[in-house]
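Working notes, structure below.
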Amino acid sequence: MTPKIRTRFAPSPTGYLHIGGARTALFNWLFSRHYGGEFVLRIEDTDQQRSTDESTKAILDAMTWMGLAWDEGPYFQAQRVGIHREMVQKLIDEGKAYYCTCSPEELENKRKTALAEGRKPKYDGTCRNKGLKKSPGSVVRFRGTETGVTVVEDLVKGNIVFNNEELDDLIIERGDGYPTYNFAVVVDDAMMNITHVIRGDDHVNNTPRQILMYKALGFDVPKFAHVPMILGPDKARLSKRHGATSVMAYKEMGYLPEALVNYLVRLGWSHGDQEIFSTTELIELFDFSSVGKSPSVFNPEKLLWLNAHYIKGADPARLFEEMKTLWPPAADTSDADFTQKVISDLKPRVKTLVELAGSADFYFSDRIQYDTEAAGKFLVPEILPLLKEMAARIPDVDDFSKEGLEEFLKSFIAQRGIKFKAIAQPLRVALTGKTVSPGIDEVMATLGKNRVAQRIAAAAEYIETNG
RNA sequence: GGUCCCAUCGUCUAGUGGUUAGGACGCCGGCCUCUCACGCCGGUAACCCGGGUUCGAAUCCCGGUGGGACUACCA
């Protein structure tokens, strides 16, 4: 029987969860779900200088928002230094690691001269065979293998072969007694029984060294899957200078989590020609056999399209909840029923929830502002009689639903032998103040009889005083 | 510099020796229509280059070129 699949996401809490990390987390999550395995969250906070609790919280919040539920954790790597030190000691005892007293300055200088002379800037092994003891500020280095090859069997890239002589003796325990990433990650992944290490392909060059450490420690080597990077429009690794890269920034900009998830999963993974995937489908279909090898450029337009797609299909009641923090202060959304109607009217025509909130102003203001150009063109004396007649008829409309209003409008124009076009725009401006809005019938139904009557009367009055 | 990875429309991608190289975003037209949007229809646009292998290469091999990552007492 094959062991249960266990994946992990191991961010360092040095900032918010960014797009790249989110996709890595998503792939880990999907993979574990697909195989009925477990997904572990581990916070890699061994860099005491840069790690913050705020970042940890921000990352957890973002993952929760995206629906990436972890089965275990969060574990905190810094709380596991006891284990790491034990493992370091084990390696030292077995001669597989050694103390080194080279100072950072010395190392930096050696690196520089090596580079200047065209040599590899790898550690020169000064302390490798000195048999040094622990001393203040000393570090521990892993004793690498100098011959042979190490092959990384990667689920997305295939086999990658490294000459061991290229790998230098890297530091596994720092002067401050904390383990370095490459060591802690190995110990933790091994001890947490992680079966599949899924991470960005910026880690491939570290992998052979890590494999050597797994072996030195006597651990089983997990399977690896290195996912290609996400790039900015300039083909450089996606970063802040490319714009919004924080997952939560997208929430604030009015994106739905399922849109982000759907967008992100398609960056590198595909299933034939299909573009839209529910979470259930994703879990069912996701596998590394269809993850591409090449990096992909982040394309905000396509994300926007997906967001519009999911907004259209979303239940107004759910959108009402999602939008609670997005409305401008002026909008009184306390009437949930009314607000949900507003959302229903607007959701087919917006790409973000923020855009929806922004275009809803006329629904909420008692005294609507006419767009100057719109009023100048459509609230003209010629239309006054029609507006007045309509205002007079409104109170008698029994069925104020979209369908009922459609009928009312139809008979209204039929009786006067005019085309709907003749009154549509003036009516729209009267009701919304602008030339662009949801359908007249929808707006009227949502606004309700009283507001409609009041607005048409106000428009008539406006024409009489300004026309 | 060294090591490693990558290479199909502008972008995301399908494609695993024989296709008019498909889909999606964007863009451009048209239809629908009370405006806008949606939707629908159509169009624009790609196999990095050069050698091989083969009857036949986007697909396989080699070499270039280009891009990226790593090369920390960061993760």
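Proteins come first, then strands; the chains are lettered A, B, ... in the order of their sequence lines, and each starts at number 1. Hydrogens, waters and symmetry mates are skipped; everything else that's a heavy atom, side chains included, is used.
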Seminar exercise, completed: Which of B:rU35, B:rC70, B:rA75 is nearest the side chain of A:N205? It is B:rC70
Seminar exercise, completed: Among B:rC38, B:rA75, B:rC4, the one nearest any side-chain atom of A:K312 is B:rC38
For this session: Find the partner of B:rC4: check Watson-Crick (N1-N3 plus N6-O4 or O6-N4) and G-U wobble (N1-O2, O6-N3) distances, both under 3.5 Å, and reply none if neither fits.
Result: B:rG68
Problem set entry | Ring-on-base stacking B:rA69 with A:H203 (under 5.5 Å, under 30°) | no
Exercise. Counting side-chain heavy atoms from C-beta on, which of B:rA69, B:rC34, B:rC73 comes nearest to A:A424?
Worked result: B:rC34
Exercise. Given the side-chain rings of A:H196 and A:F31, with only the six-membered ring counted for Trp, is the space between their centroids under 6.0 Å?
Worked result: yes
Exercise. If you measure from the P atom in B:rG23 to the same atom in B:rG15, how many Å do you get, rounded?
Worked result: 15 Å
Exercise. So, A:F277 versus A:W269, ring centres under 6.0 angstrom or not?
Worked result: yes
Exercise. In whole Å, what separates the P atom of B:rU54 from that of B:rU71?
Worked result: 44 Å
For this session: Check every atom of B:rG2, B:rC34, B:rC73 against the side chain of A:R174 and return the nucleotide holding the closest atom.
Result: B:rC73
Exercise. So which nucleotide does B:rG18 pair with, by the Watson-Crick or G-U wobble rule with both distances under 3.5 Å?
Worked result: B:rC55
Problem set entry | Taking every non-hydrogen atom, the tightest pair across A:A314 and A:L256 | CB-CD2, 4.5 Å
